[in-house]
Amino acid sequence: MLKSILPVNEAKDYMRLTLFVTKPNSTNFLPFFILAFYLCLKRLRVLGRIADLTFLLTVIGFSVLFFLSLGNSDFSAILPIGANGLTNILKGSYKGLNWFGDACYLMFFIGEFSTDKKAGTKIVVSYLVNALIITLFAISFYGVFSSIASKQKFSLTEAVKYDNAINFTGRFDYFGIIFILFSNFFAMILPLYFACKILDRIFEVKYK
């Protein structure tokens with residue numbers, strides 16, 4: 001439950017401050033809770049269907065935002081690479097793995113799906129690809145803002161809005177942002193979903 005607080009609040013602020021809601025109020029974010037309530041009543045199988053639905057949208061959204069931000073990125077800003085030493089990098093990665101890696105979610109799938117010989121390889125490869133995507137976007141984002149990157153509140157919007165293509169064609173980057181935000185809605189529901197499963201087990205809930 002605690003893991004959901006920060007992402008949900010950030011998404012609420014993002015919609016309220018970035019998507020040009022002229023008169024923001026509490027009802028703007030209400031559909032998220034309706035969707036969360038509905039999904040928390042469903043079986044684990046529904047997560048697989050959602051993943052199939054949002055996979056392509058996520059890839060398209062990331063691709064649009066990443067390539068728009070490339071034109072304004074100064075990759076020399078990330079130099080020197082490894083200045084803090086490999087030991088500190090690995091230590092920081094290890095300490096942040098539980099929060100950012102979401103590996104604890106995999107425990108809920110143990111014994112819940114049929115496996116084959118390549119299942120382990122597929123899981124590892126998907127994690128590595130995900131890590132690569134996040135790293136590429138982080139590099140691109142830091143290349144745009146350099147030393148003031150930490151002061152930017154919403155990286156998705158900030159990294160692409162200075163691209164020259166947007167000045168001539170309009171803010172079509174919002175297609176990428178909305179695709180990512182749509183997928184992110186389901187990602188934010190995951191900790192709530194699994195928290196409900198834990199509560200079901202603890203209190204032996206019979207009627208959801």
Find the distance between [atom1] ([X]) and [atom2] ([Y]) and round it off to the nearest 0.5 Å.
| X | Y | atom1 | atom2 | value |
| --- | --- | --- | --- | --- |
| S73 | F66 | OG | CZ | 7.5 Å |
| F145 | S69 | CZ | OG | 9.5 Å |
| L41 | C196 | CG | SG | 8.0 Å |
| K197 | R43 | NZ | CZ | 9.0 Å |
| L65 | F137 | CG | CZ | 6.0 Å |
| I180 | I178 | CD1 | CD1 | 11.5 Å |

Which other residues belong to the hydrophobic cluster containing W99, where Ile, Leu, Val, Met, Phe, Trp and Tyr are joined when side-chain heavy atoms lie under 4.5 Å apart, directly or via other members? L6, F100
Excluding I34, membership of its hydrophobic cluster (Ile, Leu, Val, Met, Phe, Trp, Tyr; side-chain heavy atoms within less than 4.5 Å) reads L30
Does atom CZ (F175) have a neighbourhood of more than 12 heavy atoms from anything else shown, all under 6.0 Å? no
Check whether more than 12 heavy atoms from other residues, nucleotides or ligands sit under 6.0 Å from atom CG of N98, and answer yes or no. no
Hey, what's the ring geometry for [X] with [Y], parallel, tilted or perpendicular (30° and 60° as the breaks)?
| X | Y | answer |
| --- | --- | --- |
| F186 | F182 | perpendicular |
| Y105 | F194 | tilted |
| F33 | F29 | perpendicular |

According to a hydrophobic-cluster definition based on side-chain heavy atoms being under 4.5 Å apart (Ile, Leu, Val, Met, Phe, Trp, Tyr only), do [X] and [Y] belong together?
| X | Y | value |
| --- | --- | --- |
| V64 | L132 | yes |
| L44 | I202 | yes |
| L190 | I134 | no |
| F55 | L47 | no |
| I189 | I198 | yes |

Could you go step by step and tell me if F67 and S63 meet the side-chain contact (heavy atoms from CB on, under 4.5 Å) rule? CA-CA 6 Å; F67 286 111; S63 300; 4.2 Å; yes
[X]: side chain to side chain contact (heavy atoms under 4.5 Å, CB included) partners, not counting sequence neighbours:
| X | value |
| --- | --- |
| L56 | I60 |
| T121 | V125 |
| L199 | F203 |

Contacts of type side-chain hydrogen bond (donor to acceptor under 3.5 Å, both in side chains), residue [X], not counting sequence neighbours:
| X | answer |
| --- | --- |
| S4 | none |
| N130 | none |
| D200 | K208 |
| Y38 | K42 |

Is the closest side-chain heavy-atom distance between L39 and I50 below 4.5 Å? yes
N184 vs M188 side-chain heavy atoms within contact, under 4.5 Å: yes
Without swapping roles, check the side chain of S93 against the backbone of I89 for a donor-acceptor pair under 3.5 Å. yes
Donor-acceptor contact present, side-chain S126 to main-chain I123, <3.5 Å: yes
Looking at residues at least two apart in the chain, or sitting in another chain, which of them share a ring pair (Phe, Tyr, Trp, His ring centres under 6.0 Å) with F75? none
Salt bridge (Lys or Arg N to Asp or Glu O under 4.0 Å) pairs, two or more places apart, involving residues 90-107: K3-D102
Going by the rule salt bridge (charged side-chain N to carboxylate O under 4.0 Å, His left out), which residues pair with D116 if we only count those two or more places apart in sequence or in a different chain? K122
Could you pull out the closest heavy-atom pair between P191 and A187, with the gap in Å? CD-O, 3.5 Å
Nearest atoms (heavy-atom pairs only) where Y142 meets A149: CD1-CB, 3.6 Å
I'd like to know whether T58 forms a side-chain contact (heavy atoms from CB on, under 4.5 Å) with F179, so could you lay out the CA-CA distance, the side-chain angles of the two residues, the decisive distance to 0.1 Å, and finally the verdict. CA-CA 6 Å; T58 304; F179 287 166; over 6 Å; no
Assess the residue pair Y14 and I177 against the criterion (side-chain contact (heavy atoms from CB on, under 4.5 Å)); give the C-alpha distance rounded to whole Å, side-chain angles, the decisive distance to 0.1 Å, and a yes or no. CA-CA 11 Å; Y14 183 82; I177 292 171; 2.8 Å; yes
